[in-house]
Amino acid sequence: MDILAELNPAQRQAVEAIDGPVLILAGPGSGKTRVITHRIAYLIKTVGVSPRHILTVTFTNKAAKEMKARLYQLVSGSVADLTFGTFHSICAKILRQDGKALNIDPRFVIYDRDDQLAIVKRAMQDAELDPKQYAPAAIISAISAAKSQMQTPDNIIKQGRSYFDEVVGRAYERYQKLLEESNALDFDDLLMKTVLLFRKNPEILARYQSRYRHVMVDEFQDTNVVQYELIKQLGAKYRNICVVGDPDQSIYSWRYADLRNILSFEKDFPDAKVVLLEENYRSTKMILEAASSIISVNKQRKAKNLFTQNEPGEPAAIIETYTEQEEARFVVSEVEKLVGGGELSLRDIAVMYRTNAQSRALEEAFIRYGTAYKLVAGTRFYERREVKDVIAYLRFIQNPNDSVSLMRIINTPQRGIGDQTQNRLAAWAKDMGISQYDTLQRIGKSSAHPEHVDKSVHPELVEGPHFSPQTIRTLTAFSNLMVELIGRSKELKLIDLFDLVVERSGYKKYILGEEDGKERWDNVMELRTVAQEYIDLDPSDALTAFLEGVTLVSDVDSLDEAASAVTLITLHQAKGLEFPVVFMVGMEDGILPHFKSLDDPSQMEEERRLCYVGITRAKQKLYFVRAFRRNLMGRSTVSQPSRFLAELPRHLVSTGNNWGKEENQTAPSIYSWNKPSTPAPSSPGRRTNIDLKAGDHVHHIQFGQGVVVNCRPVKDDSEIIVAFAGEVKKLLLSFANLEKVG
DNA sequence: CGAAAGGCTCTTTTT
DNA sequence: GAGCCTTTCG
């Protein structure tokens, strides 16, 4: 099979450019994945490069898996030695292998966001910082920013430009110490420590450099400076670095991805070949044009010339509904209509939204109508309490220094080891400079055999906190249990260890005794199924691999594209995917673009890119849906249409909106094309001047006679709640055409 | 020590 | 609406 045959000239150029640095600027739908896989196939089959010399960094594990599967077909086998993975998983492997040079114990655990929160709170307490004054989440974010620039706590404090920097520096210092004591790394550490390892140990770096003669990076626009440095380190010897990206799809700056990476690549590698992939194979002409016109509003960008030979297609539909419930109902009924035609299946359709909270109303509607859907990352599986609990037990077994896990399991299920006891234990451990687990074991020993404690070696034991005999018994029992489990973990198969843990810890009984215990236990069993996948590895490797797997999974990784169901997904997660039909819901100022971005031009541009990413996922048909009224954090708010809608040329959209007419509740059409800031002209002939109050009798053309229950002003309008015979309706005064009677 | 209840504060995106 | 924290009571 000729690897080059099915490529266009630009794609072919990208595939054949195998010597030296290459920058591929790939528009959406331009065959980027195809280029990467064909390039690898070309290296192996045509050039004769051994698969073990090729490293490919992808954005998600899913992308890695898919490319590997594709390559398996292209080069018929021989893909086992290829290295594929995300930055984080690749770094974790390197650090388990060679982290010892940086004093990193290979049994380290990886702390996720929740773990970070737990430990940063403790760090702030130790550093005497008030969590009310400085939000722990903000501190985490600042620490992450620092790590993404390879900054140490010292750096932050020294160059401290503000008091906040100093606060961050102090928290960061203690935070890092706690991580070290727990033998844990956070996500940023995985990257930073790897770069540090290579900086300090050129001989280790040299090994990786000679292995990876060809380095490829996908989604390069979303890398941070540390990731870029890592790539430069690895590729320094052979300089065969190929990065692929699209600045217009950069949507992770809040995670400290740095767009400058892609912009400065040509400066760092002046001999880089630059290939532009501008032909779109995915979308209709109208969809592509819609996407282009929106993204071209951004100032911080280079113009591109995207084109497609696809059909013109249909204009995008703009639908206005009254509430988010109605928005969801519209989506489901439209889905049913589309699928009813027989040409489309549910799996061809995706609903995309800015925030996870928006999925709720959609889910409810899908359930009510009995339409199958798959929610990418609903209540995230790995964030569920019962799943985290069991993982914490296993994590503690693998690494007894993991203090976050210890705190989680020490009284779950309740054993009578409350906050007081835990605090004293922690304080005592800190005084002695040993881990809490060691402290626990000493309590166990001293109570069981007090005469065996060598008080000259450990005088602290005498002055330690005096626990009641009851407390000592419970602590001892817990300590003995953990010693037993840790002992058994060395010989038991992972799955047997799993069963032993939930049994012996009393966790199974505890969970099943809960209100929704059955459901929670099912989740534990689902986790068990995941553990089963590691059956072939020997016990200690299996545990490590399992724990790493569950921490570094991303939600899209588990998206089953074959399943016959509509996909509900955030715009961020949708990057890299495509669907024949896309609904973009919540097209409102405040949602997309998000409130948080309204007053910052560069954040606003990122919101626009997010919108662009959503639009360019669609192949055939695109819907923009907005609700006039939406519940946000428990309160109902009125919103204006997204300013991005006004950036669409008129001929690319159809606003023919018949939805909701029968209920006469449709929100006003307030688009004022190309003048986004102009408020709605109030339509003539509508009654906004009747004076209504609770208790008044009114008549509605459709619902008949009713009694006003409540009135409240809303922007330039009033919301009237009326009890009609049999049902209570919320109406907008200007649209309901109510008449006062009696 | 722990369960229950009441009050508080958030607006986002995730490896 | 929900998750977190504090308070109160058993």
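Just so we're on the same page: letters track the sequence lines, and every chain starts at 1.
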If the plane angle is over 60° it's perpendicular, under 30° parallel, otherwise tilted; pick one for A:Phe546 and A:Tyr534.
-> perpendicular

Check: A:Asp186/A:Tyr175 side-chain N/O donor and acceptor closer than 3.5 Å | yes

Is the ring centre of A:His594 under 5.5 Å from the base ring centre of B:dT12, and are the two planes under 30° apart, so that they stack?
-> yes

Round to the nearest Å and state the distance from A:Gln227 atom CD to B:dT14 atom C1'.
-> 12 Å

Phosphate OP1/OP2 of B:dC1: any A:Gln414 side-chain N/O under 4.0 Å | no

Would you mind telling me which residue lines up with the more 5' stretch of DNA chain B, A:Ile417 or A:Lys596, judged by nearest nucleotide?
-> A:Ile417

Rounded distance (Å) that lies between atom P of B:dT15 and atom CG of A:Asp189 | 18 Å

Figure out the OH/P separation between A:Tyr510 and B:dG2, and round it to whole Å.
-> 11 Å

Mind telling me whether A:Phe187 and A:His88 have parallel, tilted or perpendicular rings, with 30° and 60° as the class edges?
-> perpendicular

Is a side-chain donor-acceptor pair under 3.5 Å present for A:Tyr208 with A:Asp98?
-> yes

Reckon A:Asn356 has a side-chain N or O less than 4.0 Å from the OP1 or OP2 of B:dT12?
-> no

Using distance alone, with no hydrogens and no angle criterion, decide if A:Thr474 and A:Arg415 have a side-chain donor and acceptor under 3.5 Å apart.
-> no

Any donor-acceptor pair under 3.5 Å from A:Ser141 side chain to A:Ala137 backbone | no

Rounded to whole angstrom units, what separation is found between the CD atom of A:Glu607 and the C1' atom of B:dT13?
-> 8 Å

Report the distance from atom CZ of A:Phe595 to atom P of B:dT13, rounded to the nearest whole Å.
-> 13 Å

Testing B:dT13, B:dT15, B:dT12 for proximity to the side chain of A:Gln603, the answer is B:dT12

Please report, rounded to the nearest Å, how far the C1' atom of B:dT15 is from the NZ atom of A:Lys147.
-> 14 Å

Just how far, in rounded Å, is C1' of B:dT15 from NZ of A:Lys575?
-> 11 Å

Could you check whether A:Thr421 gets within reach of a base, just the sugar-phosphate, or nothing at all, counting any heavy atom under 4.0 Å?
-> sugar-phosphate

Kindly say if A:Asn411 contacts the phosphate of B:dC1, meaning a side-chain N or O under 4.0 Å from OP1 or OP2.
-> no

Contact check, side chains of A:Cys91 and A:Met192, non-hydrogen atoms, under 4.5 Å | no

Please work out whether the ring planes of A:Tyr623 and A:Phe583 are parallel, tilted or perpendicular, with thresholds of 30° and 60°.
-> parallel

Starting at the 5' end of nucleotides 1-10 of chain C, put B wherever the base has a protein heavy atom under 4.0 Å, S where only the sugar-phosphate does, and a dash everywhere else.
-> BS--S-----

Length of the CG-C1' vector between A:Leu475 and B:dC1, whole Å = 13 Å

With respect to the phosphate group of B:dT12, does any side-chain polar atom (N or O) of A:Ser597 fall under 4.0 Å of OP1 or OP2?
-> no

Whenever both distances are under 3.5 Å in a Watson-Crick or G-U wobble pair, mark it; put DNA chain B into dot-bracket that way, with [ ] for crossing pairs and | when the partner is on another strand.
-> ||||||||||.....

A:Asn224 side chain near B:dT15 phosphate (N/O to OP1/OP2, under 4.0 Å) | no

Test salt bridge (Lys or Arg N to Asp or Glu O under 4.0 Å) applied to A:Arg395 and A:Asp112, A:Asp402, A:Asp389, the passing residue = A:Asp402

Between C:dC4 and B:dT13 - P atom distance, rounded Å = 15 Å

Output yes when a side-chain donor or acceptor of A:Asp258 lies under 3.5 Å from a complementary backbone atom of A:Val225, and no otherwise.
-> no

Would you say A:Trp254 stacks on B:dT13, if stacking means ring centres under 5.5 Å apart and planes within less than 30 degrees?
-> yes

Nucleotide of B:dG2, B:dT11, B:dT14 approaching A:Arg255 most closely (side-chain heavy atoms) = B:dT14

